[in-house]
Structures are given as C-alpha cells and as structure tokens.
Amino acid sequence: MFQIQTPQTLQLAYLPTPFNHQRHRDPAAFRLSSASSTTPTVPFSTTNKNSLIQSLCKKGQLKRAIHLLPHEQNPTQHTFELLIQSCAHHKSLSDAFTVHRNLIDNGFAEDPFLATKLINMYCELDSIQHARQVFDEITHRTVYVWNAILRALSLLGYGEEALSLYKRMNRIGMRSDRFTYTYALKACVVSESVPFSLWRGKEIHAHVLRHGYESHVHIMTTLVDMYAKFGCVKNANLVFSSMPVKNLVSWSAMIACFAKNGRPFEALELFREMMLDSGDMLPNSVTMVSVLQACAALSALEQGKLIHAYILRKGLDSILPVMSALITMYARCGELDLGENVFNQMDKKDIVSWNSLISSYGIHGLGTKALTVFQEMVQLGISPSPISFISVLGACSHSGLVDEGKILFDSMVKKHRIRPSTEHYACMVDLLGRANRLDEAAKLIADMRDEPGPEVWGALLGSCRIHCNVELAERASRQLFELEPMNAGNYVLLADIYAEAKMWDEVKRVKKLLEAKGLQKLSGCSWIEVKRKIYSLKSVDELNPQIEQLHALLVKLSKEMMEKGYVPETKVVLYDLDTDEKQRMLLGHSEKLAVAFGLINCSKGETIRITKNLRLCEDCHSFTKFISKFTNREILVRDINRFHNFRDGECSCRDYW
DNA sequence: CTAGGGTTAG
C-alpha cells in the first residue's frame with residue numbers, strides 16, 4: 001500500500017546507463033553515423049575540438065558539448081573533467097551516462113582522477129549505485145578514489161557501507177589522509193545503529209590522534225559535530241577546548257551542540273565568549289541560527305530581539321534558515337505577532353518557513369488558524385512535507401480538533417502520498433488520547449503496519465496520565481520500559497498515574513524501579529526574563545535570596561484566593577501525605593515561585609512571561625488562572641508543550657492541554 | 001574531494 005516509487009528508481013528503470021548498452025560500440029562507427037546525420041558539411045576543424053568542447057562546458061552549453069564529443073578523435077582528461085562537472089551542475093543523469101560511456105570508450109576507465117570526478121558527479125546526482133559501480137570497477141584506487149566513495153556514501157546516508165569500506169581501507173593498508181577522517185566521521189553520524197556508531201566514531205577519533213591530526217581544524221570540528229550529534233556534549237566540549245586553532249565554523253559547531261542538546265544557556269554563553277574573546281570572529285547566518293534556537297529554548301525575548309537587530313544590520317535577513325529560526329524564536333518567546341510579521345515580510349518562502357508558522361499557531365493553541373494556513377499553503381501549490389503534517393496535527397491536538405485531524409491524516413496518505421511515520425502516529429495517538437478517546441488511540445496503534453516507536457507509546461502514556469487510565473498506562477509503560485529503559489520520564493508518568501489512583505504500593509514499586517536504574521526524576525524548573533536577565537526558579541532552592549519573600553507572598557495569596565473559591569488540587573502531589581502538607585508542597589512548585597517573582601519584579605501592567613521545563617500541573621494551572629484575575633495581571637506561561645495565556649481568570653488553552 | 005545551520009516530537 002505504501003510502496004511509493006521514488007523518481008530515481010523510476011529513472012533507472014528506463015534510462016540508458018553506460019553499462020547496459022552501447023558499451024562496446026565502435027567509437028569510429030558512432031562518429032561516422034552521427035557525423036553523417038547531423039553534419040553534412042564539415043563545419044569544424046578536424047584537428048582538435050577539445051578546446052571547443054571545453055569552452056562550451058564552461059559556458060554551460062552541455063548538450064552542444066556532448067554533441068561534439070564523438071567528433072573529437074582524442075578527447076583529453078581535462079575535456080572529460082569539464083564535461084563531468086557540467087553534468088553534475090545541470091543535474092542531468094542521462095547526460096552523465098553519455099559522458100561516462102564516452103569516457104570508457106576512449107580508454108579512461110582506469111583513470112583514477114576521472115573516477116574520482118565521476119563518483120563526485122554521481123553523488124551530486126543522488127545516484128549511489130552508479131558511484132559505487134565506478135568505485136567497484138576501477139582496479140587502481142588512489143586515496144582520492146577512496147575518499148570520493150566515502151564522501152558519496154556518507155553524504156547520501158549510507159553510513160554503514162561507508163564504515164565498512166573504511167575498515168577495508170585499513171585492512172588493505174591504504175593510508176588515510178585528512179579527508180578520509182572527516183568522511184569516516186560523517187559516516188558515523190549518518191549510520192543507523194546508534195550506540196555502535198558512536199563507538200566507531202571514538203575509534204576513528206583515536207586513529208586521528210595517532211596520526212597526528214590533533215590540531216587539524218576541519219577534522220577536529222567534524223569530531224565536535226559527531227559528538228554533538230550523538231548528544232555527547234561533554235566529549236564535544238573536550239575536543240573543542242583542546243583545539244589550538246579555532247575558526248568560525250568550530251565555534252558555530254560547538255554553539256550548535258549546546259543549542260541542540262538542551263543546553264541553551266551554555267550556547268548563549270559561548271556565543272558571548274566568541275564575540276568578546278576571539279577578536280575578529282564575526283558570526284554569520286549559521287551561527288545566528290543556533291543562537292536563535294537557544295533564545296527560543298530559553299524564551300529569551302530581549303536577547304532574541306538583539307540578535308534580530310544584528311541580523312538586519314548584517315544583511316542576513318534574506319537567508320531562509322535565519323528567517324525560519326526567527327519566526328520560531330518569536331513564537332516560542334510568546335510573541336506570535338512578531339513571528340507573523342517576519343513571515344509576512346519575507347519575499348521568498350519555502351516549506352520550512354510555512355512549517356515554522358504553522359507550528360507557531362500550534363503551540364499557541366490556535367488550531368483553526370494553523371489549519372487555515374496549512375490549506376492556504378496547499379492552495380498555493382506548495383507540497384506539505386512530513387513535518388508540515390506533524391506541525392498541523394500537533395496544532396489540532398492542542399486545540400481538540402479531533403475530526404479535522406483525522407481528515408488531515410487521511411489526506412496525508414491518500415492525497416499527498418506521504419507514508420505516515422511513527423511520529424505521525426504519535427501525533428494521532430496524542431490527538432485522540434487527549435480527547436479521551438483512548439480506546440480509539442489504542443486501536444490505531446494496534447493497526448499500525450510498522451512496529452510503534454517509543455513516541456507512540458509515550459503519547460499514549462501521556463494521555464493516560466491526563467485521563468487517569470491505569471490499565472492502558474500499564475500496557476504502554478511495559479513497552480516503554482523495554483524501548484527506552486533509561487528514560488526517567490516514563491517511570492515518573494506511571495508513578496503519577498498510580499498516585500492519582502491512590503495505589504501507593506505501586507507508586508513505591510515504580511519509584512524503586514527508577515532508583516534501581518540510577519535515574520532521577522527531572523525536577524521542575526521555571527524561568528523568567530526580567531530586563532534582559534534570566535532568573536530560574538526551582539522548587540527546592542535555598543540559594544535564591546528572595547525565596548522567603550516569594551513563599552510569604554504565595555501563602556498570603558493562596559489564603560485570600562481560597563476564600564474566593566480557589567481549591568488546591570492536592571491530588572497532583574505524588575506523596576501519601578495529609579492535606580495540609582500537600583498544600584504546602586503545592587505552593588513550592590517552581591511555576592508558582594516564578595509567578596510570585598514576576599509579581600514582585602515586573603512593572604505593573606507588564607505581561608509576566610514564564611517558561612517551564614515540564615508540563616504544567618493542574619494545580620498551577622488553576623492557581624495561575626485565579627491569580628490573573630485576582631491581581632489583574634496577564635500571565636503567559638510556556639510549558640514543555642505549548643503556551644498558556646492567563647487573563648482575567650481564564651486560560652487560552654480553555655483547560656485543554 | 002574536507003568542517004557548522006532552519007521546521008516536528010510524548
């Protein structure tokens with residue numbers, strides 16, 4: 001049902017290749033027949049057309065150059081080099097085959113220089129089979145040829161194959177050079193079997209050091225990136241710090257590493273260090289993208305605005321990745337309008353810009369708007385990508401648009417011919433589960449063709465948490481404990497569900513399980529930006545100089561609000577305690593501390609903006625609703641999933657989150 | 001023939 005042929009497979013079925021025909025055609029005969037049909041007189045000098053072919057290539061007239069090729073008795077290596085480059089540039093596989101065939105006919109099949117060029121050309125044309133064929137058929141392989149095939153394999157995603165060739169290279173005693181190492185490291189990154197590939201990467205790291213490349217900027221930067229992609233921030237940082245010479249790319253790689261691995265604060269810190277300490281290093285668009293991601297993660301609006309100003313000043317505002325990152329930054333900082341402005345002012349947009357806008361509406365709970373924009377995009381003839389669907393389905397989920405989501409999911413398969421990934425299923429399970437249609441969600445999982453990934457079971461478990469379904473939660477967590485045994489969040493969710501069902505023995509059992517694995521519950525943390533500085537608040541935090549004051553304010557407010565009808569949701573406390581103790585614990589939640597901090601430190605009338613690292617608990621949610629009315633303040637809270645805009649006793653999520 | 005970047009995610 002989902003076997004969609006890629007254009008490439010289709011092409012290979014009918015296009016001529018240098019290998020399946022005309023291979024042994026007599027070059028002289030070929031020249032004769034074509035000369036008689038297209039050149040009745042003799043328009044060119046018969047001595048040497050090499051220079052003519054070469055200049056046609058340089059002028060981009062590939063077809064004419066190829067046409068002349070049979071007229072040349074002795075095409076040179078340089079002529080073929082230019083022809084190959086031209087084919088790669090024009091992305092023409094059929095011309096590539098013609099040139100390749102002629103090259104073989106002219107006796108260049110064993111030329112390692114041209115073999116390298118051919119491999120690079122086929123790589124550019126996304127045809128790994130033909131690149132591999134060139135490699136397999138040449139007997140004299142220089143290190144250039146090896147590097148070219150490693151490059152092609154890694155670039156096109158065949159990490160395992162590249163690594164096995166790298167192994168073979170070592171086995172036969174072919175010496176690696178600086179290029180070999182970078183490609184081999186890239187191969188580790190794209191390789192499928194993750195833990196194993198990291199191990200291979202470390203092995204190559206050792207080879208690099210053994211051969212004295214420890215101060216080679218490119219290799220070291222690739223190493224930083226490799227560790228970053230595996231989430232080994234510590235190793236990446238060790239390599240980065242050890243580099244005697246760093247350039248902009250190295251700094252950007254390390255900043256990206258922090259930004260992508262949940263360490264946005266360190267990303268901004270390193271960026272600052274780069275600007276201050278490294279003299280002449282000027283950030284470019286790539287650097288800015290990572291910095292914007294860090295701002296987005298932190299909800300650091302003022303920082304983000306400074307970066308925006310810098311982008312405008314440096315004229316980086318026509319670069320699409322920068323603009324998409326800006327849209328996302330503004331949206332994630334709570335400034336949906338500013339993100340919309342950025343989008344509207346772009347004169348060129350691509351699918352990623354649209355996806356940024358759609359997901360912006362999603363996290364702000366504007367599901368209908370996300371749907372409208374999605375449809376507008378489709379009507380403009382832009383094909384949605386798999387990520388477009390994740391974004392728009394996520395938006396439906398946050399707004400409870402169940403039927404709309406189901407229609408979309410259906411259209412994704414039938415109309416847009418996108419095979420749903422495990423992430424898409426996770427979105428659907430979330431959509432159904434959140435809407436308390438847990439059985440339907442379970443059925444969807446049961447009907448999946450592929451093995452459901454952890455995201456899917458995680459979505460189910462999360463929904464079970466919201467609707468307190470013990471039985472289904474047990475089923476989901478059994479799968480999760482196998483698929484991701486070291487993810488503390490799953491144990492915590494299950495324990496939460498047991499606690500809400502007052503099954504205290506089970507709570508204890510799950511907590512023991514958690515401890516036995518040496519895992520810890522991720523503690524709640526909220527933060528708030530006041531005058532360009534970010535303050536983080538944790539529930540247990542004696543170091544905070546204002547903690548007494550914050551507690552006192554919360555106790556006072558809570559008492560007053562309880563008289564007006566606020567009822568603490570003590571059921572969210574995971575411990576078997578009496579009501580008073582539970583209420584006291586509730587007041588210690590980081591989000592409430594942040595609210596209190598905002599009330600004290602933000603000026604009157606200013607919106608209080610808070611970000612939290614976990615999902616907002618029911619009690620904080622109802623507490624903040626009351627506070628917004630009671631103190632007449634607008635409070636904007638971003639939790640792990642989405643925004644809550646509290647105003648006059650109501651929340652923008654309409655209690656559906 | 002080398003290195004770093006955008007959108008999604010329970």
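If you're wondering where the values come from, they're calculated on a predicted model, not measured in any experiment. Chain naming here is simple, since letters A, B, ... match the order of the sequence lines and numbering starts at 1 in each.
With A/I311 as reference, A/D317 is the one residue of A/V289, A/D317, A/V291, A/I319 to meet the side-chain contact (heavy atoms from CB on, under 4.5 Å) rule.
Judged as a salt bridge (charged side-chain N to carboxylate O under 4.0 Å, His left out), and not counting sequence neighbours, the contacts of A/D136 are A/R132. Residues passing the salt bridge (charged side-chain N to carboxylate O under 4.0 Å, His left out) test with A/K443 are A/D447, sequence neighbours excluded. Contacts of A/Y361 classified as ring pair (Phe, Tyr, Trp, His ring centres under 6.0 Å), with partners at least two apart in sequence or in another chain: none.
Using a 4.0 Å heavy-atom criterion, one finds that A/K349 contacts no nucleic acid atom at all. Base engagement by A/I319 is indicated by at least one non-hydrogen atom pair under 4.0 Å involving a base atom. The residue A/P386 sits apart from the nucleic acid: no heavy atom pair falls under 4.0 Å. Across all strands shown, A/K246 has no heavy atoms under 4.0 Å from either base or sugar-phosphate atoms. Across all strands, A/L248 comes closer than 4.0 Å to base atoms (heavy-atom distances). Residue contacts shown for A/Y181 are absent, as no nucleic acid heavy atom lies under 4.0 Å away. Using a 4.0 Å heavy-atom criterion, one finds that A/T180 contacts no nucleic acid atom at all. Using a 4.0 Å heavy-atom distance criterion, A/D225 is classed as a sugar-phosphate-only contact. At a threshold of 4.0 angstrom between heavy atoms, the contacts of A/V429 with the nucleic acid are absent. Residue A/N247 is in base contact, counting any heavy-atom pair closer than 4.0 Å across all strands shown. Among the protein residues, A/E124 comes within range of no part of the nucleic acid, since none of its heavy atoms lies under 4.0 Å from any strand. Within 4.0 Å (heavy atoms only), A/S388 reaches no atom of the nucleic acid at all. Residue A/T116 is classed as having no contact, given no heavy-atom separation below 4.0 Å to the nucleic acid. The residue A/L480 sits close to a base: some heavy atom pair falls under 4.0 Å.
If you check the side chains of A/S86 and A/H89, you find no donor sitting under 3.5 Å from an acceptor.
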Without placing hydrogens or testing angles, list every side-chain donor-acceptor pair under 3.5 Å for residues 466-474 of chain A, not counting sequence neighbours.
residue	atom	partner	partner atom	Å
A/H467	NE2	A/G433	O	3.1
A/H467	NE2	A/R434	O	2.8
A/H467	NE2	A/N436	N	3.3
A/N469	OD1	A/E471	N	3.3
A/N469	OD1	A/L472	N	3.0
A/E474	OE2	A/Y498	OH	2.4

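Applying the side chain to side chain donor-acceptor pair (under 3.5 Å) test to every pair with at least one member in residues 284-298 of chain A, sequence neighbours left out, gives these pairs: A/S252-A/T287, A/N284-A/T287.
For DNA chain B, the span of nucleotides reached by chain A at under 4.0 Å from its heavy atoms goes, 5' to 3', from B/dC1 to B/dG10.
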